[in-house]
Amino acid sequence: MNNQARQYLQQFMHDLSQDYKAWRGLNALLLRQRQAILARNSEELETINQQIFGLYHKLSSTGNTRQKLLSALGISANHQGVQRLIRHLPPAWQERGRALWQQVETQAREAQTANQYNGTLLNMQYDIVQSILNASEPENWLYQHR
């Protein structure tokens, strides 16, 4: 393995470790976001949303870097490509790489589910607020077509 390929692999492993930490942090923030939504705490929600966007940016950046690394190594920048790369890691790194990738995928799926749930909560709150605002004007809701 040449020196540049070794650097790419080290970068891959480092980024994967950082992604795992970021996804865990994102899931914790999504839980806090859900709590703030339920409590209707808009100030806390704004703070959490800023932190979430920061992690989204970080994850997007490392994802782009991973895509470039895979391409530079001549490997498809997709799930199968990552699996292929992990199989070709030095033996001492393979188990760690496989475990990290599985953890990243698990955390990403959990974040997607939590984000969808939080979006549903926000939509429900919006509908409730709209109903309350329109309650004083029956013509706005009594004859609505759905």
Side-chain angles (χ1 to χ4, degrees), residues 1-135 140-141 144-146:
M1 175 184 322
N2 69 35
N3 194 34
Q4 185 162 14
R6 186 176 231 2
Q7 287 177 342
Y8 285 158
L9 294 177
Q10 288 172 336
Q11 183 69 45
F12 172 80
M13 292 295 289
H14 177 266
D15 287 352
L16 206 54
S17 179
Q18 293 302 307
D19 276 359
Y20 172 65
K21 291 174 187 173
W23 281 111
R24 282 188 55 199
L26 180 60
N27 278 313
L29 285 171
L30 288 168
L31 177 60
R32 285 182 51 211
Q33 183 186 52
R34 179 179 311 135
Q35 293 165 343
I37 291 168
L38 291 170
R40 295 180 306 279
N41 185 340
S42 60
E43 290 177 15
E44 177 72 6
L45 193 55
E46 180 63 30
T47 300
I48 293 167
N49 287 344
Q50 289 175 2
Q51 293 170 339
I52 287 172
F53 286 125
L55 284 176
Y56 281 155
H57 178 72
K58 179 179 181 177
L59 287 164
S60 177
S61 177
T62 56
N64 288 335
T65 300
R66 185 170 28 259
Q67 185 176 14
K68 290 175 186 173
L69 286 173
L70 289 168
S71 294
L73 292 168
I75 298 173
S76 299
N78 56 28
H79 176 79
Q80 291 79 16
V82 171
Q83 293 295 331
R84 180 175 170 221
L85 176 62
I86 290 170
R87 285 192 305 273
H88 290 90
L89 287 172
W93 295 3
Q94 282 183 14
E95 185 176 329
R96 177 76 176 138
R98 189 174 294 109
L100 273 172
W101 182 247
Q102 288 173 349
Q103 291 168 342
V104 164
E105 287 185 312
T106 298
Q107 291 295 316
R109 280 190 302 273
E110 289 176 9
Q112 183 179 21
T113 300
N115 191 46
Q116 289 172 342
Y117 183 80
N118 290 356
T120 300
L121 281 176
L122 284 170
N123 285 331
M124 288 171 51
Q125 282 188 349
Y126 176 80
D127 288 344
I128 290 169
V129 169
Q130 287 301 102
S131 294
I132 292 169
L133 291 175
N134 288 330
N140 289 340
W141 55 269
Q144 282 183 342
H145 292 89
R146 291 195 181 226

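Residues: numbered from 1 along the sequence shown.
- Expressed to the nearest 0.5 Å, how far CG of Leu45 lies from CZ of Arg40 amounts to 12.5 Å.
- Note that CD of Gln107 is 11.5 Å distant from CD of Glu105, once rounded to the nearest 0.5 Å.
- For the pair Asn115 (side chain) and Ala111 (backbone), a donor-acceptor distance under 3.5 Å is absent.
- Looking at every heavy atom in both residues, Glu44 comes nearest to Ala36 through CG-CB, 4.0 Å.
- Taking CD of Gln10 as the start and CG of Leu69 as the end, the distance is 11.5 Å to the nearest 0.5 Å.
- Inter-residue side-chain proximity for Gln18 and Lys21 is flagged as met; some heavy-atom pair is nearer than 4.5 Å.
- In this structure, CD on Gln80 lies 13.5 Å from CG on Leu85, to the nearest 0.5 angstrom.
- Scanning both residues, Lys58 and Ala22, for their nearest heavy atoms gives CD-CB, 4.4 Å.
- With a 4.5 Å cut-off on side-chain heavy atoms, Gln94 and Arg87 do not count as touching.
- In this structure, Ile75 CD1 and Phe12 CZ are separated by 8.5 Å, a value rounded to the nearest 0.5 Å.
- In terms of heavy-atom proximity, Leu70 sits nearest to Ser76 at CD1-O, 4.0 Å.
- Taking the side-chain hydrogen bond (donor to acceptor under 3.5 Å, both in side chains) definition, one finds that Tyr20 meets it with nothing, sequence neighbours left out.
- For the pair Arg34 and Leu121, the tightest heavy-atom approach, listed with the atom from each and the gap, is CG-CD1, 3.7 Å.
- Residue Tyr8 is tested with Arg6, Gln11, Gln4 for a side chain to side chain donor-acceptor pair (under 3.5 Å); the sole match is Gln4.
- The line from CZ of Arg98 to CH2 of Trp93 is 15.0 Å long, rounded to the nearest 0.5 Å.
- Across all non-hydrogen atoms, the minimal contact from Leu16 to Val104 is O-CG2, 3.7 Å.
- Between Asp19 and Arg66 there is a salt bridge, with a side-chain nitrogen of the basic residue lying less than 4.0 Å from a carboxylate oxygen of the acidic one.
- For the pair Leu9 and Leu73, the minimum side-chain heavy-atom distance is below 4.5 Å.
- Gly74 and Arg84 make their closest contact through O-NH1, 3.8 Å (heavy atoms, listed as atom of the first residue, atom of the second, distance).
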